[in-house]
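What follows is a set of notes on a single structure, which appears directly below.
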Amino acid sequence: MELETETGWTLRVPRVLVAVNGFAKSLLPDVDVTPARNQVLITHPIPDLPVEGCFHYDRGYYYFRNVEGRVLLGGGRHLDNSIEQTSEFGANELIRSALVQLLKTVICPGRPVEIDAWWTGILGLGPVKKPIVERYSDNVVVAVRLNGMGVAIGTLIGQEGAEMLLNG
Ligand SMILES: Cc1cc2nc3c(=O)[nH]c(=O)nc-3n(C[C@H](O)[C@H](O)[C@H](O)COP(=O)(O)OP(=O)(O)OC[C@H]3O[C@@H](n4cnc5c(N)ncnc54)[C@H](O)[C@@H]3O)c2cc1C
């Protein structure tokens, strides 16, 4: 089998494990994974920040925590769900302004807060909260659709995919 890279290299490989999660459709369009972009911010340090621990707000659509005296805040995808079903990184101003509003009025009311950085991340979601670990063809296995749990279960799913590939 031959793999072509974006930089023009061609690699000859006997087997392939596809483990690109939310980006899977760009390689295998029929795999049932929907990309979901998330907007995230971190503030500059806030003196005497009262927030301690991890929090979920509004049915879990928003999440925030204290990271070394700063607020890490993300979520709000439900405000513009169809636009955020993308594997392209990039800002969504509607969601970003909702996150700023939440930061200033609920998380840190009455305190001066400054945002240090914004970024986006891509989840791989599906109709059921179950990862896909399956043989795609004789020499290709997919291990994707981590459903927002990949930090917790990603290494296990990768291992299961690799074992399926090697033992098949
Ligand atoms: C904001 C946010 C918060 C999250 N919070 C949590 C949490 O609290 N707990 C938790 O368990 N999980 C959480 N997750 C989910 C977790 O980050 C993902 O499930 C996990 O990163 C998936 O790991 P992965 O290695 O399968 O995919 P990714 O980390 O997405 O890595 C896929 C890689 O494949 C690369 N790639 C894409 N296309 C190609 C291609 N054609 N060829 C080669 N490489 C390619 C990409 O560049 C990327 O580096 C969160 C995700 C986000 C975005």
Side-chain angles (χ1 to χ4, degrees), residues 1-13 15-43 51-68 70-81 83-92 94-96 98-100 102-103 107 115-134 136-137 139-165:
M1 188 180 326
E2 288 189 346
L3 293 183
E4 284 179 19
T5 71
E6 285 177 350
T7 47
W9 289 75
T10 302
L11 308 173
R12 278 211 188 93
V13 292
R15 289 173 289 226
V16 172
L17 176 64
V18 178
V20 298
N21 199 33
F23 304 90
K25 264 191 188 302
S26 63
L27 288 174
L28 308 171
D30 52 336
V31 171
D32 191 5
V33 180
T34 304
R37 188 169 63 189
N38 268 234
Q39 309 286 328
V40 189
L41 68 82
I42 191 157
T43 67
V51 174
E52 276 300 336
C54 295
F55 297 86
H56 290 91
Y57 173 71
D58 191 4
R59 297 157 287 167
Y61 283 125
Y62 301 95
Y63 41 87
F64 57 95
R65 59 172 301 184
N66 177 329
V67 177
E68 296 176 355
R70 302 159 181 252
V71 174
L72 174 74
L73 165 65
R77 194 176 69 240
H78 63 303
L79 300 175
D80 208 0
N81 208 21
I83 296 293
E84 293 299 275
Q85 283 185 10
T86 176
S87 56
E88 299 288 323
F89 297 101
N92 180 316
L94 173 76
I95 294 173
R96 288 192 174 188
L99 290 171
V100 171
L102 181 68
L103 177 67
I107 303 171
I115 294 165
D116 185 11
W118 286 98
W119 66 96
T120 49
I122 310 294
L123 304 168
L125 305 181
V128 287
K129 267 210 170 270
K130 190 168 182 291
I132 297 172
V133 183
E134 63 187 31
Y136 187 80
S137 65
N139 296 315
V140 178
V141 165
V142 287
V144 296
R145 199 170 77 190
L146 282 297
N147 283 299
M149 302 176 289
V151 174
I153 64 170
T155 49
L156 177 64
I157 299 306
Q159 182 180 350
E160 287 181 3
E163 285 170 357
M164 185 180 282
L165 193 65

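In what follows, residues are counted from 1 in the order of the sequence shown. One-based numbering, in listed order, for ligands and for the atoms of each. Computed over heavy atoms, backbone and side chain alike; hydrogens, waters and symmetry mates excluded.
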Show me the short polar-atom pairs for ligand 1: any N or O of it lying under 3.5 Å from a protein N or O, with distances only.
from, atom 1, to, atom 2, distance (Å)
ligand 1, 11 (O), Met149, O, 3.1
ligand 1, 11 (O), Val151, N, 3.0
ligand 1, 11 (O), Ala152, N, 2.9
ligand 1, 12 (N), Gly148, O, 3.0
ligand 1, 12 (N), Gly150, N, 3.4
ligand 1, 12 (N), Val151, N, 3.3
ligand 1, 19 (O), Gly150, N, 2.8

Below 3.5 Å, can you tabulate the donor-acceptor pairs from side chains in residues 15-28 to any protein atom, sequence neighbours excluded?
from, atom 1, to, atom 2, distance (Å)
Asn21, OD1, Arg145, N, 3.0
Asn21, OD1, Leu146, N, 2.9
Lys25, NZ, Pro29, O, 3.0
Lys25, NZ, Val31, O, 3.0
Ser26, OG, Phe23, O, 2.7

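Contact check for Gln85 versus Asn81: side-chain heavy atoms found under the 4.5 Å cut-off. Between Asp116 and Thr43, the closest side-chain pair of non-hydrogen atoms is not below 4.5 Å.
Every residue two or more places apart in sequence or in another chain was checked for a ring-ring contact (aromatic ring centres under 6.0 Å, His included) with His56, and none qualifies. Asn92 meets the side chain to side chain contact (heavy atoms under 4.5 Å, CB included) test with Arg37, Gln39, Asp80, Ile83, Glu84, Leu94, Ile95; sequence neighbours excluded.
Taking both residues in full, the closest heavy atoms of Ile157 and Val133 are given as CG2-CG2, 3.7 Å, listed atom of the first, atom of the second, then distance.
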